[in-house]
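Worksheet for the structure shown next.
In what follows, every chain begins at residue 1, and chains take the letters A, B, ... in the order their sequences are listed. Owing to the predicted nature of the structure, the values given are computational and were not obtained by experimental measurement.
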Amino acid sequence: MLDQRLLRDNPELITEQLGRRGMSLNLTGLQLVARQARDLEERRSNLQAEGNRIGKEVGLQIKAGAAPQSTEVQELRDQGNQIKQQVAVLEEEEKHLDAKLREQLLALPNLPSPDAPDGKGEEDNVEIKRWGNPRQASAGETLEEHWQIADRLGLFETERSVRIAQSRFITLLGQGARLERALINFMLDLHGGKGYREVMPPILVNSASLTGSGQLPKFAEESFRCADDDLWLTPTAEVPVTSLHRDEVIPAEQLPLKYVAYTPCFRREAGSYGRDTRGLIRLHQFNKVELYWFCHPDHSAEAHQQITADAEAVLEALELPYRKIELCTGDMGFSAARTYDLEVWLAGAGAYREISSCSVCGDFQARRSAIRCKDGKTTQLVHTLNGSGLAVGRTMAALLENGQQADGSVQLPAALVPYFGAERISG
RNA sequence: GGAGAGGUGGCCGAGUGGUCGAAGGCGCAGCACUGGAAAUGCUGUAUAGGGGCAACUCUAUCGAGGGUUCGAAUCCCUCCCUCUCCGCCA
């Protein structure tokens, strides 16, 4: 959420910066609402002050010996009642305006960082670097896609998963299930060794949590909801981990707080019909290991470089070629101020696919979630950062495609062997 | 699911209608004392919003929302949450 004061003092900055996201908005209406709300607050609190004064006066007079039923006291009572009525009217108006203001502010995305490159969409993203040697098919060789390999080796079950749930769900089996588990453990250990505290949060989250991290109110149709309760299946660990410290004031010397969370993630993937229908790339339920920082506002820029480097380290440890791109303003997510995406090479598909997204959100989520830090006397909003470290299913897809051998088996990177218990997967 | 207890400041804990944003204690910070420290003493120490250059000041907040009253932490109603016991259960 954006600062209301910014709306009052410098609305041009908001229009200008959200313009970089491709939004054209007219804030004059909202500005008017903000100003009216403030005027109303002033009038109301002045009236209340007067009411408080009268209330005290009644107490004093009675204490001083005035008869409670005397006309003087009764007159004060009448005045008090009058003020009460006026306050009630103003309060109702104010409540209405505040709700309107909040509703509209909650629907506005974060301002992009000055460092984020301008652009309209995916095509304007900026490639920062490439790592590793993408495997290409040599002459006469055909590289399979991961779902073909998995099918051949019996790593997961697609059609029976529809029986259990519906399409876009998958059942991992045998070595496939074991590999998924090995990857989760490997990633958690790797990050845990770098100062991340492991957290296993609830994966049903309430709507306040979704609002706090930015998924609500705008993206309700992207999440699964439990109709009988105020609970949703979390679309990413970012949601529960943000709310881990909701409404808290964190002593500044404890920052940064770095968490690594493994959770299943659930997304409706509305509007992606027909895309990535096979395999592990786009599922309603997938596993993800998420990195999350709460940090001092002065240090979020370095933190962003670090959290991204920590995600890259997983790819490098797994010997998976990738490229790092910076998202342009038109392609960034709702809560992000600046985002790096990591795209892993899929040898069978012959393409880079997103496997991690590392964002700095500034104080956007912290304001929605009321997470502050206290540094001596000053209390201010923290900055939050999140990054996938990594999406587990897509990691498996990359390992299968990049490690496939002529004999049909899959060679695994050395780092994974202690976790998986074998150097290769074969039928 | 059944029965009971309870939600007050960073923490403990008093407060059952009136200058209560809230005693007291702990903790923390500053100062004094000390060669230094401990102990001691004094002072200060919530959050949000509005106004003011500032000192400061106004409003709200004692789980949440509503009600009674000139006035509510205190009385009434509804809801939420926590704890204990019983039942059930991975």
Side-chain angles (χ1 to χ4, degrees), chain A residues 1-10 30-103 105-106 200-212 226 228-232 240 243-255 257 264 294 363 366-382:
Chain A
M1 189 161 61
L2 303 177
D3 193 348
Q4 288 193 31
R5 272 169 293 212
L6 191 62
L7 179 67
R8 286 201 302 256
D9 303 341
N10 196 356
L30 193 53
Q31 239 181 298
L32 188 69
V33 173
R35 209 173 301 126
Q36 283 174 335
R38 191 188 48 180
D39 290 349
L40 220 48
E41 178 185 354
E42 196 171 343
R43 276 202 285 155
R44 191 215 68 224
S45 72
N46 285 339
L47 264 178
Q48 281 175 322
E50 178 63 11
N52 287 343
R53 200 192 56 73
I54 289 170
K56 277 179 188 169
E57 185 62 27
V58 172
L60 284 176
Q61 290 207 9
I62 291 174
K63 210 172 214 171
Q69 301 310 324
S70 67
T71 47
E72 290 83 3
V73 172
Q74 188 55 46
E75 212 164 280
L76 283 173
R77 276 205 198 100
D78 292 345
Q79 281 181 37
N81 268 325
Q82 241 179 3
I83 286 175
K84 191 161 63 167
Q85 280 172 24
Q86 292 173 36
V87 166
V89 172
L90 292 183
E91 252 176 356
E92 191 164 334
E93 244 180 285
E94 196 182 345
K95 226 185 206 172
H96 175 72
L97 285 179
D98 283 344
K100 198 160 147 189
L101 187 63
R102 183 176 160 77
E103 179 195 333
L105 276 174
L106 282 174
M200 203 173 272
I203 53 182
L204 290 191
V205 297
N206 58 37
S207 50
S209 297
L210 280 162
T211 305
C226 303
D228 291 340
D229 305 278
D230 177 30
L231 290 170
W232 307 63
S243 279
L244 188 59
H245 290 292
R246 180 147 48 88
D247 296 318
E248 284 186 24
V249 179
I250 303 164
E253 63 271 16
Q254 287 179 15
L255 297 176
L257 294 174
F294 298 86
D363 62 15
R367 184 172 293 107
R368 287 171 162 252
S369 300
I371 306 170
R372 291 151 295 167
C373 64
K374 189 163 192 174
D375 195 352
K377 276 209 168 28
T378 48
T379 306
Q380 52 189 330
L381 294 166
V382 300

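For the salt bridge (Lys or Arg N to Asp or Glu O under 4.0 Å) criterion with A:E94, the lone passing option out of A:R44, A:R38, A:R43 is A:R44.
Taking a 6.0 Å sphere around CZ of A:R102, one finds it holds 12 or fewer heavy atoms contributed by other residues, nucleotides or ligands. Around the CD atom of A:E253, the shell of radius 6.0 Å holds more than 12 heavy atoms that belong to other residues, nucleotides or ligands.
A sub-4.0 Å separation between OP1 or OP2 of B:rG66 and a side-chain N or O of A:K95 is present. Listed pair A:R53 / B:rU19 fails the phosphate criterion, with no side-chain N or O lying under 4.0 Å from OP1 or OP2.
Under the salt bridge (charged side-chain N to carboxylate O under 4.0 Å, His left out) criterion, A:E50 pairs with A:R53, not counting sequence neighbours.
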Would you list the protein and nucleotides 53-58 of chain B atom pairs, both N or O, that sit under 3.5 Å from each other?
none

For nucleotides 44-47 of chain B, which of its nitrogen or oxygen atoms have a protein nitrogen or oxygen under 3.5 Å away, and what is each distance?
from   : atom 1 : to     : atom 2 : distance (Å)
B:rU47 : OP1    : A:K374 : NZ     : 3.2
B:rU47 : O3'    : A:R372 : NH1    : 3.0

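Nucleotides B:rC86 and B:rC28, compared at atom P, are 40 Å apart to the nearest Å. Here the separation of B:rA37 from B:rC56, taken at their P atoms, is 31 Å to the nearest Å. Taking the P atoms as reference points, B:rG27 lies 42 Å from B:rC79, given to the whole Å. Comparing the same atom, C1', in B:rC62 and in B:rC20 gives a spacing of 10 Å after rounding to whole Å. B:rA22 and B:rA14 are spaced 10 Å apart, taking the C1' atom of each and rounding to whole Å. Comparing the P positions of B:rG30 and B:rA39 gives an interatomic distance of 15 Å, to the nearest angstrom. For the C1' atoms, the distance linking B:rA73 with B:rG63 amounts to 12 Å, nearest Å. With both ends at atom C1', the span from B:rC89 to B:rG17 equals 48 Å, rounded to whole Å.
Rounded to an integer number of Å, the gap from CG of A:D98 to P of B:rG49 is 12 Å. Atom CG in A:L97 sits about 15 Å away from atom P in B:rG50, given to the nearest Å. Between A:Q36 atom CD and B:rG50 atom C1' there is a gap of 17 Å when expressed in whole angstrom units. Here the C1' atom of nucleotide B:rG18 and the NZ atom of A:K63 are 7 Å apart, to the nearest Å. Between the CG atom of A:D247 and the P atom of B:rA48 there is a distance of 12 Å, given to the nearest Å. For A:Q79 and B:rC70, the CD to P distance is 13 Å, given to the nearest whole Å.
Here A:R5 does not pair with A:D9 in a salt bridge; the nearest charged N to carboxylate O distance is not below 4.0 Å.
Residue A:I83 is classed as having no contact, given no heavy-atom separation below 4.0 Å to the nucleic acid. Residue A:K84 is classed as a base contact, given a heavy-atom separation below 4.0 Å to a base.
A 3.5 Å limit on both hydrogen-bonding distances identifies B:rU40 as the Watson-Crick or G-U partner of B:rA32. If you check B:rC75 for Watson-Crick or wobble pairing at under 3.5 angstrom, you find it paired to B:rG67. The partner of B:rC89 is absent, by the rule that a Watson-Crick or G-U pair needs both atom distances under 3.5 Å. Across all strands shown, nothing is found opposite B:rA54 as a Watson-Crick or G-U wobble partner with both distances under 3.5 Å. As the counterpart of B:rU45, B:rG27 is assigned, both hydrogen-bonding distances of the Watson-Crick or G-U wobble pattern falling under 3.5 Å. Pairing of B:rU19, defined by two Watson-Crick or G-U wobble distances under 3.5 Å, is not identified with any nucleotide. Base pairing of B:rU82 is made with B:rA5, judged by Watson-Crick or G-U wobble geometry with both donor-acceptor distances under 3.5 Å. Nucleotide B:rA14 forms a pair with no other nucleotide shown, judged by Watson-Crick or G-U wobble geometry with both contacts under 3.5 Å.
A:S45 contributes a side-chain N or O that, together with a main-chain N or O of A:E42, makes up a donor-acceptor pair within less than 3.5 Å.
Across all their heavy atoms, A:L204 and A:C226 have their closest contact at CD2-SG, 4.1 Å. Scanning both residues, A:C373 and A:L255, for their nearest heavy atoms gives CB-CD1, 3.5 Å. When every heavy atom of A:S209 is checked against every heavy atom of A:V205, the shortest pair comes out as CB-CB, 4.1 Å. Considering every non-hydrogen atom in both A:H245 and A:I371, the closest pair reads O-CG1, 3.2 Å.
Side chains of A:Q61 and A:E57: a donor on one and an acceptor on the other come within 3.5 Å. Inspection of the A:D78 and A:Q74 side chains reveals an N or O donor paired with an N or O acceptor under 3.5 Å.
Nearest to the side chain of A:N81, among B:rC70, B:rU19, B:rU59, sits B:rC70. Here B:rG50 is the nucleotide among B:rG71, B:rG65, B:rG50 with the atom lying nearest to any side-chain atom of A:R8. Listed nucleotides B:rG49, B:rG71, B:rU19 differ in distance to A:R5; the shortest reach to its side chain belongs to B:rG49.
Positionally, the nearest nucleotide of RNA chain B for A:E57 lies more toward the 5' end than for the other of A:E57 and A:I54. Nearer to the 5' terminus of RNA chain B, by closest-nucleotide assignment, is the contact made by A:R38 (compared with the other of A:R38 and A:R77).
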